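FYI, side chains are in, hydrogens and waters are out, and symmetry mates aren't considered; it's all heavy atoms of this structure. Every chain is numbered from 1, with letters handed out A, B, ... down the list of sequences. Keep in mind the model is a prediction, meaning the values are calculated, not measured.
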Protein chains: 2
Amino acid sequence: MPKKITMAVVAEMAGVTKSTVSRYFNGGYVKKATREKIQKVIEEYNYAPNTFARLKAKESNVIGVVVPTLNSKVTSRVITSIDRYLRDRNYTTLIKNSDHDIDLELLNIQKLIHLNVDGILISSIAITEDHHDIFEQTQIPIVILAQDYEDGISIIDDDYNAGKCVGEYIGRTGHKKVGYIGVYETDEAVGVRRRQGVLDGLASFGIYDPLIKKSDYSFLGGQKNTREILEEMKPDAIVCATDRLAFGAYKVLQEKGLRIPEDISVVGFGGYDESSLLTPELTTLKFDSYGMGYLGAETILKMIKEEPISKKQIVEYEFIEGKSVKNRT
Amino acid sequence: MPKKITMAVVAEMAGVTKSTVSRYFNGGYVKKATREKIQKVIEEYNYAPNTFARLKAKESNVIGVVVPTLNSKVTSRVITSIDRYLRDRNYTTLIKNSDHDIDLELLNIQKLIHLNVDGILISSIAITEDHHDIFEQTQIPIVILAQDYEDGISIIDDDYNAGKCVGEYIGRTGHKKVGYIGVYETDEAVGVRRRQGVLDGLASFGIYDPLIKKSDYSFLGGQKNTREILEEMKPDAIVCATDRLAFGAYKVLQEKGLRIPEDISVVGFGGYDESSLLTPELTTLKFDSYGMGYLGAETILKMIKEEPISKKQIVEYEFIEGKSVKNRT
DNA sequence: CTGAAAGCGCTTACAG
DNA sequence: CTGAAAGCGCTTACAG
């Protein structure tokens, strides 16, 4: 059996030159009769051109995607969405995982640049000086996902307004004594902007003194902070910066025999699938990760075609009303 | 700023030929003094060779990975593990997502073959005739993950024994009337072997007539099947072929006011992180996805180096006792 | 230990 | 509408 066929072989079998076969694949002029001959050979031999041998092409039709982990629901959604968008438009998606290692992330970006990809999408945990340097040295279009990047193009979640939405909701439903479990400020988006939104939302309903805790992103962190809150106050609501933290709150409250939402309301951010599995269903706010991937892919292709784009795009969020917040008015 | 540097340019700046620079990267003979000159230029310009321009190399150092979805916890774990293993050994991982589309999966495999990758890891939901045809036509080493493939190399979960373990557990804890929510038989591993294990395990405790349902892999499917089971019988236990299906069962049972495990025990397969968040915690069985990725990557590299390998490797599982099964003895 | 030359599988002006 | 030729960024025998 033919182990692997090249364009030259296909050309020969079809009785043309590889120039013509190349044109066949790249939308150049090929007479209908010729086209059909080529097509027949391609089908018979299951030929597909080597995307990466297009060394001389101006466009590689490859888009690189750099992600901090492969092991997150949000990242999975974003990549799936990017991949679908690009695949439908005849682009190859090249995924590079940085495994939460900032040096590896930089290296991945470098490699993609040297690979001559047409564009790079970066979902980063933090933008450093080194990132800046690299971005300045390259002409390749780059889009930053989920982090606000003032010196370039970015797609971000609307953390402030999402926070405000939740803060107002808790205020409007008549809560008075609120605990907040947030994350550290190194995460600009969640640690700073989302928290500020929540605080402003609460304040607009006269709640000026929520008890604020900070945690990492873990289930255990949520548990620990919930215990601390319960020791220091008697809250009627706990707002958690992520659903995972809220899972921790559930665990502790249920262990202590406190009822959700009768005794204490709980709310999160994330809209993870599993949030609706909890009892009671978690009230949460879902960011549109599929939308972020879609917009990111769309934007990078627009940049490549030199079409006009926005510097910053803000992705929708959706409030998901579960059964974990009681109306106390 | 230099937009992009090639090996020829690096060579010139270092005062050598690209032959030498190539050797520098591929471990050929380079005098120490020369090596240092090259290294200096590389660092200064942040040069990295274009992995995909190695058209003439016998080895591409690229391994392709085909997955049915990017959007699953299990897949995420497997890819993360593969990627780490290969990265550490100087291989590039090329991930192709088939998005649950069997034609796309076949196309992805074809493309990887034409890309001249050194090996392909395939995590498939089903091995078809077309797969066979492709595998036979290529010399490229291929490892099948999670499906038993008699005509080639595979790494599989121990679905039969895992199923048996759960079936016996349900029998041993004194259950009598069991519902089983499985998946379709096109998925050999889960749809056939896992189910058979469960049935045999149950049978060894005298339970010969469980009510068997089939579903896709979805949360909704789990709900639908649970409703059907409840209409047709009054079970004291429901065994679900995946945790996600078990989540669906939880949902329906809780809606109907049936208590887990007092009224009905529930058990799943998967060991998803979120299973421990449920109330009560789900009793489940966890397969070693990281181990599967590791072994898959290790095996494909061994095949490339023509070292001896096993035809079939079976990955560990771990029984995780939650609180969703009642001892009725 | 290093260079000159041919070639990998493809694309692209340029003729015709 | 198609072919001949040069070239993309790299690797690899083969000399020296």
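For the pair His114(A) (side chain) and Lys111(A) (backbone), a donor-acceptor distance under 3.5 Å is absent.
The side chain of Asn26(A) contributes an N or O atom lying less than 4.0 Å from OP1 or OP2 of dT11(C). Regarding contacts with the backbone of dC10(C), a side-chain N or O of Tyr47(A) is found under 4.0 angstrom from either OP1 or OP2.
Salt bridge Arg54(B)/Glu59(B): absent, no basic N to carboxylate O contact under 4.0 Å. Taking the charged nitrogens against the carboxylate oxygens, Lys312(B) and Glu150(B) do have a contact shorter than 4.0 Å, which makes a salt bridge. A salt bridge is absent between Lys96(B) and Glu105(B): the closest approach of a Lys/Arg side-chain nitrogen to an acidic carboxylate oxygen does not fall below 4.0 angstrom.
Counting to the nearest Å, the P atom of dT12(C) and the CE atom of Met7(A) are 11 Å from each other. Residue Asn116(A) contributes atom CG, which lies 17 Å from atom P of dC10(C) at whole-angstrom precision. For Lys111(B) and dG9(C), the NZ to P distance is 19 Å, given to the nearest whole Å. Spacing between atom CZ of Phe25(A) and atom P of dT12(C) amounts to 14 Å, rounded to whole angstrom units.
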* Under 4.0 Å protein heavy-atom contacts per nucleotide of nucleotides 1-8 of chain D, with B for base, S for backbone only and - for none -> SBBBBBBB

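Classified by interplanar angle (parallel below 30°, tilted 30° to 60°, perpendicular above 60°), the ring pair Tyr294(A)/Tyr85(A) is perpendicular.
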* To do: For DNA chain C, just give me the dot-bracket, please: Watson-Crick or G-U, both distances below 3.5 Å, ( ) intra-strand, [ ] crossing earlier pairs, | paired with another strand, . unpaired.
  => |||.||||||||.|||

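Put simply, the side chain of Met13(A) reaches to within 4.5 Å of the side chain of Tyr45(A), judged on heavy atoms.
With sequence neighbours left out, Glu188(B) forms a salt bridge (charged side-chain N to carboxylate O under 4.0 Å, His left out) with Arg193(B).
When each of Leu121(B), Ile134(B), Ile153(B), Ile120(B) is checked for a side chain to side chain contact (heavy atoms under 4.5 Å, CB included) with Ile142(B), only Ile120(B) meets the rule.
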